Protein chains: 2
Amino acid sequence: MKHTSVVEDYLKAIWGLQQIERPVATSRIAERLDLTAAAVTAMIKRLADQKLVRHEPYRGVILTPAGELSALRIIRRHRVLELFLTETLGYEWDRVHDEAERLEHAASDELIERLARLLGEPERDPHGSLIPTAEGTVDREKLPALPDLPVDAPAAVVEVRVQSPDRLRYLGSLDLFPGAEVMVREQAPFGGPLSVEVNGAARVLARELAEQILVRPASRDEPSGDASPAEDAPGKAGAA
Amino acid sequence: MKHTSVVEDYLKAIWGLQQIERPVATSRIAERLDLTAAAVTAMIKRLADQKLVRHEPYRGVILTPAGELSALRIIRRHRVLELFLTETLGYEWDRVHDEAERLEHAASDELIERLARLLGEPERDPHGSLIPTAEGTVDREKLPALPDLPVDAPAAVVEVRVQSPDRLRYLGSLDLFPGAEVMVREQAPFGGPLSVEVNGAARVLARELAEQILVRPASRDEPSGDASPAEDAPGKAGAA
DNA sequence: TTCAAGGTTTAAGGTAGTCTAAAAATCTCC
DNA sequence: GGAGATTTTTAGACTACCTTAAACCTTGAA
Ligand SMILES: [Mn+2]
Ligand SMILES: [Mn+2]
Ligand SMILES: [Mn+2]
Ligand SMILES: [Mn+2]
């Protein structure tokens with residue numbers, strides 16, 4: 001039931017990659033964790049021994065239910081910690097990942113649950129990612145990205161799926177935090193940039209970045225979502 | 001400049017033992033860290049290679065200035081974290097040590113300084129231990145223990161040098177937190193227990209425990225200390 | 001002054017995790 | 001249905017710790 005921090009990071013990586021492709025290839029894990037493929041193969045064997053993954057040689061791995069549960073518990077830790085760092089300690093949203101990456105292995109369940117209570121049992125981290133419950137469950141949501149929006153349709157930023165501190169800092173300078181009100185004004189052809197209104201201000205944004213910004217279109221009838229319960233705006237964490 | 005968590009724990013242990021006896025014997029370190037003497041000898045070699053300790057074979061080790069600086073920085077982390085856990089998250093004072101023991105290795109300097117700011121740049125941890133400065137300095141203070149007090153002389157608890165959660169919990173149930181007002185009423189002979197008044201309530205306390213409770217006698221003229229600046233009562237952290 | 005007790009170090013071996021280089025399997029594309 | 005490219009796994013080594021058992025100092029008491 002208790003794993004090393006290295007194992008925890010592997011599980012987290014595999015879980016994330018699994019959202020894209022199952023089974024997960026050795027090389028995908030290697031590049032995400034910045035290790036050689038040989039190291040990953042060796043670790044995969046240990047994970048399989050511990051019944052955390054199933055491995056088909058030369059084919060890849062998938063998490064077992066036990067592995068997935070552990071992964072989600074670590075992801076919960078990571079995201080709760082990230083939110084604590086921005087909300088309580090005033091970190092910028094581009095600086096929280098590395099800190100949380102280490103703390104997630106040292107914090108006890110009790111600490112995480114106390115932090116979650118302090119933060120009001122939050123649903124999303126500073127980047128808008130859903131925080132798994134303490135029991136290890138998350139909804140799988142498929143939201144449109146900014147370039148998927150029709151022109152002039154209002155929407156709200158929900159999640160910014162960007163890791164790089166540089167990019168996050170840049171997006172922050174454009175006010176593109178979860179909760180921001182956005183509207184696509186124009187999409188340049190041939191994969192060109194988007195003209196977007198963010199909280200009323202006109203911005204131009206590289207398509208590559210825009211694709212990582214997930215939004216919820218404003219429903220025309222009601223101000224909130226139609227089928228889902230009213231969203232609580234996560235509040236722009238650590239604005240510059 | 002950056003050490004493994006194991007190295008950090010060795011430095012911390014050696015620093016603490018050095019306050020009692022210099023040089024520090026292999027076996028003292030082994031028992032404090034719950035390791036075999038052989039493991040300690042091996043590690044001492046590595047520490048000496050890194051110029052963190054000086055080792056005289058068969059005699060013991062002492063920290064170099066670099067080693068002491070590192071030790072004090074880790075002790076600062078540990079104590080700031082402990083205070084955060086009691087003050088901000090409502091932990092009891094007997095539960096914070098283990099948690100801090102792990103977090104101290106994962107938290108960045110920036111995190112610790114932000115916590116310290118949040119906590120008002122505190123001077124003492126929940127047990128009353130002095131928190132080294134960010135620069136890595138602490139005053140060495142020698143306070144009397146409870147059994148050193150003359151009968152009927154009022155004093156204030158400053159530090160409770162007890163590790164064991166059981167004992168801490170017990171002392172907490174007697175209100176013996178830093179800041180408590182105490183007065184020894186009677187000392188049973190032959191190493192017997194002490195009768196002590198704690199915040200006005202009569203208590204009986206084993207001498208062994210009383211010896212770990214450091215106090216500052218109230219000066220008869222002024223309510224505060226005479227030479228030192230007024231102490232800020234650390235507030236009874238996590239009272240039951 | 002010797003010698004045994006007790007603490008310390010060395011020797012040998014183990015686990016977890018990493019790397020490079022080589023071997024093996026799979027994929028791609030003609 | 002291969003040949004060659006690409007991935008994956010194996011083999012062999014290395015670092016950081018830890019353990020037990022044996023050898024080695026230091027010391028104090030006879
Ligand atoms: Mn991590
Ligand atoms: Mn995040
Ligand atoms: Mn520690
Ligand atoms: Mn303490």
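Each chain gets a letter, A, B and so on, in the order its sequence line appears, and its residues count up from 1. Keep in mind it's a predicted model, so treat the numbers as computed, not measured.
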Protein-nucleotides 27-29 of chain D N/O pairs closer than 3.5 Å?
| from | atom 1 | to | atom 2 | distance (Å) |
| --- | --- | --- | --- | --- |
| D:dT27 | OP1 | B:Arg59 | NH2 | 2.9 |
| D:dT27 | OP2 | B:Arg59 | NH2 | 3.4 |

Check: protein-nucleotides 19-25 of chain D nitrogen or oxygen pairs below 3.5 Å:
| from | atom 1 | to | atom 2 | distance (Å) |
| --- | --- | --- | --- | --- |
| D:dT19 | OP2 | B:Thr36 | N | 3.2 |
| D:dT19 | OP2 | B:Thr36 | OG1 | 2.8 |

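For residues 99-118 of chain B, the set of pairs meeting the side chain to side chain donor-acceptor pair (under 3.5 Å) definition, not counting sequence neighbours, comprises A:Arg95-B:Glu110, A:Glu99-B:Ser108, A:Ser108-B:Glu99, B:Glu8-B:His105, B:Asp9-B:His105, B:Lys12-B:Glu101, B:Lys12-B:Glu104, B:Arg73-B:Asp109, B:Arg76-B:Glu113, B:Arg77-B:Asp109, B:His78-B:Glu104, B:Tyr91-B:Glu99, B:His97-B:Glu101, B:Glu110-B:Arg114.
Proximity of A:Lys45 to the phosphate of D:dT10: a side-chain N or O atom is located under 4.0 Å from OP1 or OP2.
The bend of the helix from C:dT1-D:dA30 to C:dC30-D:dG1, defined by the angle between the axes of its first five and last five pairs, stands at 10° to the nearest 10°.
Close approach of DNA chain C to chain B, defined as any atom under 4.0 Å from a non-hydrogen atom of the protein, starts and stops at C:dG7 to C:dT10.
Legend: residues meeting side chain to side chain contact (heavy atoms under 4.5 Å, CB included) with B:Asp166, ordered by chain and number and at least two apart, are B:Ser164, B:Arg169. Residues that satisfy the side-chain hydrogen bond (donor to acceptor under 3.5 Å, both in side chains) test with B:His3, not counting sequence neighbours, are absent from this structure. For A:Phe84, the ring-ring contact (aromatic ring centres under 6.0 Å, His included) test picks out B:Phe84, with sequence neighbours left out.
Heavy-atom distances under 4.0 Å link DNA chain D to A:His55 of residues 46-56 of chain A, given in residue order. Shown for residues 15-29 of chain B: residues whose heavy atoms fall under 4.0 angstrom of DNA chain C, namely B:Ala25, B:Thr26, B:Ser27.
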Identify all side-chain donor-acceptor contacts of residues 13-26 of chain B below 3.5 Å with residues at least two apart in sequence or on another chain.
| from | atom 1 | to | atom 2 | distance (Å) |
| --- | --- | --- | --- | --- |
| B:Trp15 | NE1 | B:Glu68 | OE2 | 3.1 |
| B:Gln18 | OE1 | B:Leu63 | N | 2.7 |

Can you give each donor-acceptor pair under 3.5 Å made by side-chain atoms of residues 31-51 of chain A, sequence neighbours left out, with the distance rounded to 0.1 Å?
| from | atom 1 | to | atom 2 | distance (Å) |
| --- | --- | --- | --- | --- |
| A:Glu31 | OE1 | A:Arg28 | NH2 | 3.4 |
| A:Glu31 | OE2 | A:Arg28 | NE | 3.1 |
| A:Thr36 | OG1 | A:Ala39 | N | 3.3 |
| A:Thr41 | OG1 | A:Ala37 | O | 3.1 |

